[in-house]
Amino acid sequence: METTKYLVVGSSHAALEALTAIRMHDTDGSLTMLTRDAHLPYSPTVLPYVVSGRSAPDTVFLRDEKFFARHQISLRRGTALKALHPARNTAELADGSQIAYEKILLATGASPAIPPIPGIAQVSYHVLRTLDDATKLNAAMKASKQAVVMGAGLVGMHAAENLVKAGAKVTIVEMAKQLTDGYFDATAAALIEKAFTDNGATILTGSRVVKLAPSSAFATPGATITLESGATLEADLLLVATGVRPNMDFLTGEGAAVERDKGILVGERMQTSVPNVFAAGDCAQAKSFYSDTKVMNAILPDAAEQGRIAGMAMAGDPGIKDYPGGIPVNTYHFFGRHAISVGSSKVPEGGEVVTRFDEASGRYLKVIFHEGRLTGIYGVNEFFDAGVMSQLILRRIDLSPVREHFLAEPMKSAREIMSLTWR
Amino acid sequence: MGAFNTIAFDANKCDGCGDCMTACATAKTGTTEISRSRLQIAGNAAEGFELALCRQCGDPKCVTVCPAGALGKDYASGVIDWNGDKCVDCLLCTVGCAYAGIALDEASGRVAKCDMCDGSPACVSACPHDALKLVTTSRIYNEVGDWEDLFAPGLAGCQGCNTELLMRHTLRRVGPDTVLATPPGCVPGMGSVGFNGTTGTKVPVFHPLLTNTAPMLAGVKRHYKRIGREVTALAIAGDGGASDVGFQSLSGAAERNEQILFMVVDNEGYMNTGMQRSSCTPYGAWTSTTPVGQGTGSGGLPSQGKTQDAKNLPLIMVNHRCEYVATASTAYMEDLYDKLDKAIAASKRGFAYLHVYSPCTTGWRFPTDQNMEVARKAVETNFVMLWEYTRAGGLRFTRPVDEPLPVTDYLKAMGRFRHLSEDQISHIQGKVVENLNFVKQMAHRA
């Protein structure tokens with residue numbers, strides 16, 4: 001049986017950071033990366049741009065073969081993890097082979113969550129999580145005249161914008177009362193909605209799809225979408241972007257010993273409940289910065305951070321520091337505008353919300369303070385350094401002495417504090 | 001791979017004029033809109049100015065969070081490059097960077113970051129106040145790292161001693177064609193003259209008496225000169241050997257302008273033999289022969305450390321009108337290296353004297369990890385001054401301290417001054433001012 005000191009399952013940001021962290025401390029311990037994807041490593045975050053045609057599919061890879069050769073990493077592409085046998089420190093692969101490991105990292109990411117809508121199995125629809133999904137959607141988009149996007153998260157919104165720009169008539173159907181729910185607040189969402197409707201998209205929030213059926217109205221296989229209200233939509237292209245679920249199906253049988261909730265539960269060093277098994281990124285459920293509860297914080301910077309910690313823990317790097325807990329951070333570009341959110345959208349008890357909105361310029365700012373400290377900041381067309389703001393939150397810096405200045409010029413004020421505090 | 005150049009910002013010199021931002025915007029966008037500059041000065045005159053600028057991190061977070069592979073560190077230049085063709089404008093790099101080093105340029109709708117202008121940054125040349133400087137990072141490391149270390153590995157120094165650092169750097173710089181004299185003191189004690197029949201150096205080394213270091217070395221140098229071989233004659237001596245019993249012969253060699261480089265490692269006492277006072281020990285300092293406490297003074301009187309002020313040996317050497325005289329500190333290695341270069345060159349013409357202030361963790365009573373900090377504080381309080389002298393140029397401060405820290409910052413950094421009374425402290429502060437004024441006058445006259 002093949003053996004490896006470190007087995008990293010997955011090939012996106014968490015997994016790549018883990019490779020770097022392991023090699024930083026252990027330059028020659030055997031290291032294997034296993035990925036179900038047939039391609040070299042890439043980021044799911046870049047896929048909307050592959051869909052739009054802005055990024056050519058062959059330019060989005062984050063590492064090349066030379067990288068793996070240089071760092072003596074064996075890369076096994078196109079092979080998924082089928083089952084984990086933690087008692088024997090062995091991974092069973094989809095091709096039937098087995099790999100014995102000393103430490104394993106599960107950075108398996110997530111897959112589109114397909115809602116159990118009657119008829120969904122009979123229609124053809126798109127999802128967007130892999131590079132192949134993106135190239136397929138890119139090809140289909142060019143022919144689309146009339147598209148429906150289910151789900152107004154960032155994946156759905158990005159795709160909808162691409163479809164609008166490609167000339168399709170686009171309808172976005174979202175269950176929640178607002179679009180980009182969980183990323184941006186109602187005011188920001190309204191600004192985003194307006195940008196979309198101004199560009200000809202139709203947005204149906206608070207709408208649920210109750211039935212799907214194949215449609216023969218088009219040359220290509222289409223779908224008839226029935227809403228809760230009884231209204232129907234015809235689509236020559238249907239994109240299902242109603243969220244993701246962590247990839248952890250392989251934790252069955254012996255592998256079920258690894259504790260899970262919504263994702264794989266991990267501690268402050270990304271260790272799971274089972275020895276030698278670590279998890280990081282979109283499949284992991286780790287400590288929140290705001291409370292002791294473990295949350296899914298499926299964002300890229302957090303995946304990278306968790307991957308690094310996991311790699312350091314696996315390699316025994318003494319420089320490791322405990323994971324401080326994740327804070328949500330999102331950036332979103334739409335129709336030439338941008339929205340940035342840093343921190344929790346929940347207003348803590350005794351917290352204070354300050355908003356500023358200039359309708360003429362479309363600039364919107366929302367700041368949440370608690371006991372003089374920043375807990376969240378949101379902006380539309382109001383640029384600030386999200387990385388600096390994250391530090392203000394993570395470091396729990398008291399902003400009461402500079403409150404007015406901070407509200408007037410958040411970017412400038414935060415930069416001053418940055419320069420004084422952690423330069 | 002070496003270390004890289006970097007743009008350094010001295011907030012104390014910045015008056016917020018904004019010329020740097022104008023220069024950057026002009027160079028990078030062809031406009032004078034300072035909001036488009038890739039470095040941003042924030043803050044105000046009252047509380048001081050601050051800088052947001054890419055640090056060209058060694059382990060850049062902007063690169064790790066970029067989903068498009070548009071950012072990457074160039075390990076030849078050290079610059080983190082942005083590839084506009086690959087960038088998808090997702091702004092995630094601004095999430096990764098905790099220093100506001102990459103930010104949205106609203107006019108172009110794309111992120112922008114400092115690219116160091118191919119090595120000659122426009123902001124640096126535009127700064128009228130020297131607040132921005134292009135620092136050649138780790139020049140010494142890059143240059144000297146590849147040269148042969150001419151000391152044996154493993155020397156028997158005290159933990160935290162900086163003399164090993166000084167010896168190794170000095171010998172690397174002076175090079176293999178050197179004859180080394182190390183009179184009794186810490187340097188041979190640490191192993192320059194060797195153990196068990198082998199020397200501790202890879203160059204010829206000898207162990208003169210405290211009293212005759214300079215003339216013995218001068219004789220060796222004259223011999224080599226006579227046989228036509230070019231060598232550097234180098235002495236590394238302690239302050240005791242140089243300023244006390246060895247002074248007569250040192251003065252003689254300087255007066256004869258012998259072609260040698262005489263380096264004094266001034267740790268302000270005979271530290272190797274048990275921390276006795278020397279004529280370089282400062283006023284008030286505890287040593288084993290200037291003890292502290294009831295009944296330790298003569299006739300059973302209380303004693304409070306050394307009762308005399310230190311001799312200023314380097315100034316005395318200036319009065320020999322040597323080829324070159326300088327003071328240096330291991331806390332300022334670039335300064336030390338400049339002076340070492342000049343001293344080596346000068347020693348080919350005549351007598352070169354280099355006086356290095358060298359804190360002693362054991363004898364001065366401070367934690368072993370604090371050597372550089374103590375050395376730095378000595379300079380920052382003007383307790384010692386860094387200057388150089390040549391006959392043509394006179395005496396010149398190489399690292400003037402415009403706003404010195406109170407001398408207590410230095411005194412409190414170590415145990416040998418712990419007992420000082422207010423009177424003693426004000427005596428020392430007074431001496432610092434007096435010494436500074438004295439050296440300033442000499443510098444002025446030059």
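Residue numbers start from 1 in every chain, and the chains themselves are labelled A, B, ... in the order their sequence lines are given, proteins ahead of strands.
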Write down the atom of [X], the atom of [Y], and the distance for their closest heavy-atom approach.
X       : Y        : result
B:Pro67 : A:Leu62  : O-CD2, 3.7 Å
B:Val95 : A:Pro301 : CG1-CG, 3.5 Å
A:Thr59 : B:Lys86  : O-CE, 3.5 Å
B:Ala42 : A:Glu416 : CB-CG, 3.5 Å
B:Asp59 : A:Arg308 : OD2-NH1, 2.6 Å
B:Ala98 : A:Val388 : O-CG2, 3.6 Å

Minimum side-chain heavy-atom gap A:Asp385-B:Tyr99 below 4.5 Å: no
4.5 Å side-chain heavy-atom contact, B:Glu50 and A:Arg415: no
Partners passing side chain to side chain donor-acceptor pair (under 3.5 Å) against A:Asp358 (at least two apart in sequence or in another chain): A:Ser361
Please check if atom [atom1] in [X] has more than 12 non-hydrogen atoms from other residues, nucleotides or ligands closer than 6.0 Å.
X        : atom1 : answer
B:Lys412 : NZ    : no
A:Arg395 : CZ    : yes
B:Asp118 : CG    : no

Residue among A:Gly336, A:Ser12, A:Gly387 with most heavy-atom pairs under 4.5 Å to chain B: A:Gly387
Partner chain B: residue of A:Leu300, A:Thr45, A:Ile340 with the largest heavy-atom pair count (under 4.5 Å): A:Leu300
Sorted by number, residues from residues 13-24 of chain A in contact with chain B (heavy atoms, under 4.5 Å): A:His13, A:Glu17
Atom group of [X] that falls short of 4.5 Å from chain B, counting heavy atoms:
X        : answer
A:Val329 : side chain
A:Gln391 : side chain
A:Arg63  : neither
A:His405 : neither

Spatial distance of atom NZ (A:Lys412) from atom CD (B:Gln40) [nearest 0.5 Å]: 9.0 Å
Interatomic spacing from CG in B:Asp105 to CZ in A:Phe383 - rounded to 0.5 Å: 10.0 Å
Would you mind checking which part of [X] comes under 4.5 Å of any heavy atom in chain A, side chain (CB onward), backbone (N, CA, C, O), both or neither?
X       : result
B:Cys93 : neither
B:Cys97 : backbone
B:Cys87 : backbone

Lys/Arg N to Asp/Glu carboxylate O, B:Glu106 vs A:Arg363, below 4.0 Å: yes
A:Arg54/B:Asp85 ion pair, N-O < 4.0 Å: no
Set of salt bridge (Lys or Arg N to Asp or Glu O under 4.0 Å) partners for B:Lys133, sequence neighbours left out: none
Contact winner vs chain A - [options], heavy-atom pairs under 4.5 Å:
options                             : answer
B:Gly109, B:Cys90, B:Gly96, B:Ala52 : B:Cys90
B:Ile102, B:Leu92, B:Val88, B:Thr94 : B:Val88
B:Gly48, B:Cys62, B:Ala103, B:Gly69 : B:Ala103

Heavy-atom donor-acceptor pair, A:His333 side chain to B:Asp89 backbone, under 3.5 Å: yes
By ring pair (Phe, Tyr, Trp, His ring centres under 6.0 Å) - contacts of A:Tyr332 (at least two apart): A:His158, A:Phe334
